[in-house]
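Contents: one structure, followed by commentary.
Just so we're on the same page: letters track the sequence lines, and every chain starts at 1.
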Protein chains: 2
Amino acid sequence: MSHISGVRQARKEKTRQALLDAALELLEGQSLSSLGLREVTRAVGIAPTAFYRHFRSVEDLGVALVEEALGSLHPMIRTTVSTTGDGEERIARAVGLIAGHVDAHPAHVRFIARERHGGVRAVREAIRGQLELFTAEVGEALASDAVSAGWGEEDLLMLAQLYVDQMLMTASLLLEAAAEGGPGERERVAGLAARQLRLISVGRAHWLDLPGGGG
Amino acid sequence: MSHISGVRQARKEKTRQALLDAALELLEGQSLSSLGLREVTRAVGIAPTAFYRHFRSVEDLGVALVEEALGSLHPMIRTTVSTTGDGEERIARAVGLIAGHVDAHPAHVRFIARERHGGVRAVREAIRGQLELFTAEVGEALASDAVSAGWGEEDLLMLAQLYVDQMLMTASLLLEAAAEGGPGERERVAGLAARQLRLISVGRAHWLDLPGGGG
DNA sequence: CCATGCAGTCAACAACTGTTCTCCGGAATT
DNA sequence: AATTCCGGAGAACAGTTGTTGACTGCATGG
């Protein structure tokens, strides 16, 4: 029970990570519900039975992958949304950050996009939980913004969810663009995403102009 | 080569449809990339080898399912977007139509949401093709609307894509709400979707207020 | 230094997969 | 009435799958 490293725990963590990495790579060409336990262990180079020392099932590994893909993203989101500056600047920075993340972790992005509505319930729910967390965080950041003065809680969360979904959509499109699009496709998609964020921004700025606005 | 019905072709079409139906039902709990050929034929009650009389592979069947799920949706979309009336009325009607479609064809909606980013390339591309068709149609309908006067082609398609993605997102959320949400969850999701459409509408109305708007 | 814990191996299990080739019966054509 | 066509059945193929139990070697804690 010692908190000191230990050669033992280090080795275990290493092959656990190898399993996660191998699974993520194999998942580029299929869905989680068709990923086999033996397939993963074969890719890592260990016996099939060793899998059970780390995960109870492939489904379990999938949930761990969700944590790995989205868990470390919260600080980045927080700082992105609460960053100051001109509206246009913020949009450009947000799109740039998304594009950078897609470039740095394409397999993670693909995994989330694929399994968000995928065939494994536990994984779907894990993703949904993380996204709800994102939505709450974005909503909180929006609340402390001058533009949101007079907004109701419900409207804030509505907007936050719109932003989160838009973020995911953009990430997925950028992934496709990088994978099979031409050289200019990346810029086209990034420009499109920026435009859509701009339109949402405009809607946000005039939201309270509505008769009965904020209701 | 006769165009007359024929008992023979009718029988064939019948079991072909049975295969599609059985596959769609089996896909409620898994993804296409894990759906087995034998699994489908077993559910229909025919020999595994008979599958090849109708589809070359499960992948092929998946593409046929895309056509079945989205092919007949174009007229509904066209009439929905080009319908007249107050903005709020149109939003309510659109959300209502989506909810009705989800109720009538839940398995189709689930299939599209799941396989849009799923593990089978040919199916992903078939879905993408249909959605691009939707986007073009919505864009065309938007062009002949008074609010869109002075809009550039690129901005119109940007807005159309926003609408199409929003439509899919709403359908998927309504499906979840119907499946595992409480009694009031349906109305909550419908209200949320209407609010998001409203915000997009506001953004659309003030789009050209921007300095350099429409550029 | 010795005993415990534990990651990983190995062999074996029954069940399942996609695909082939051969055959049958009944509709369609002539 | 005779022949062709063709959806479907059946058997067999080599591979694959998840899970079990008993095992080995080595880092750990006493």
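In this structure, the side chains of B:L159 and B:W207 stay at 4.5 Å or more apart for every pair of heavy atoms. By the 4.5 Å heavy-atom criterion applied to side chains, B:F55 and B:L20 are counted as neighbours.
Distance CZ (A:R11) to C1' (D:dC26): 11 Å, rounded to an integer number of Å. The separation between A:Q9 atom CD and C:dG5 atom C1' is 12 Å, rounded to whole Å. With rounding to whole Å, B:F51 atom CZ is found 13 Å from C:dT20 atom P. In this entry the distance linking CZ of B:F55 with C1' of D:dG8 reads 15 Å, nearest Å. A straight line from CD of B:Q17 to P of D:dG7 spans 17 Å, rounded to a whole angstrom. In this structure, B:E59 places its CD atom 11 Å from P of C:dT19, rounding to the nearest Å. At whole-Å resolution of the value, NZ in A:K14 and P in D:dA27 are 14 Å apart. Taking atom CD of residue B:E13 and atom P of nucleotide D:dG7, one finds them 12 Å apart after rounding to whole Å.
In this structure, the nucleotide among D:dT28, D:dC6, D:dG7 sitting nearest to the side chain of B:R8 is D:dC6. With distances taken from any side-chain atom of B:R53 to the nucleotides C:dA7, D:dG8, D:dT19, the minimum falls on D:dG8.
Counted by atom type alone, A:Q161 and A:Q166 present zero donor-acceptor pairs between their side chains at under 3.5 Å.
A donor-acceptor pair is defined here as one N or O able to donate and one able to accept, closer than 3.5 Å; no such pair exists between the side chain of A:S172 and the backbone of A:L168. Using a distance-only test at 3.5 Å, with no hydrogens or angles considered, no donor-acceptor pair links the side chain of A:R124 to the main chain of A:R116.
Between B:E185 and B:R188 there is a salt bridge, since a side-chain N of the basic residue sits under 4.0 Å from a carboxylate O of the acidic one.
Heavy atoms of B:S57 sit nowhere under 4.0 angstrom from any nucleic acid atom.
Contacts between residues 26-49 of chain A and DNA chain C, defined by a heavy-atom separation under 4.0 Å, are made by A:R38, A:I46, A:A47, A:T49.
Pairing each heavy atom of A:P48 with each of A:T41, the nearest pair is CA-OG1, 3.5 Å.
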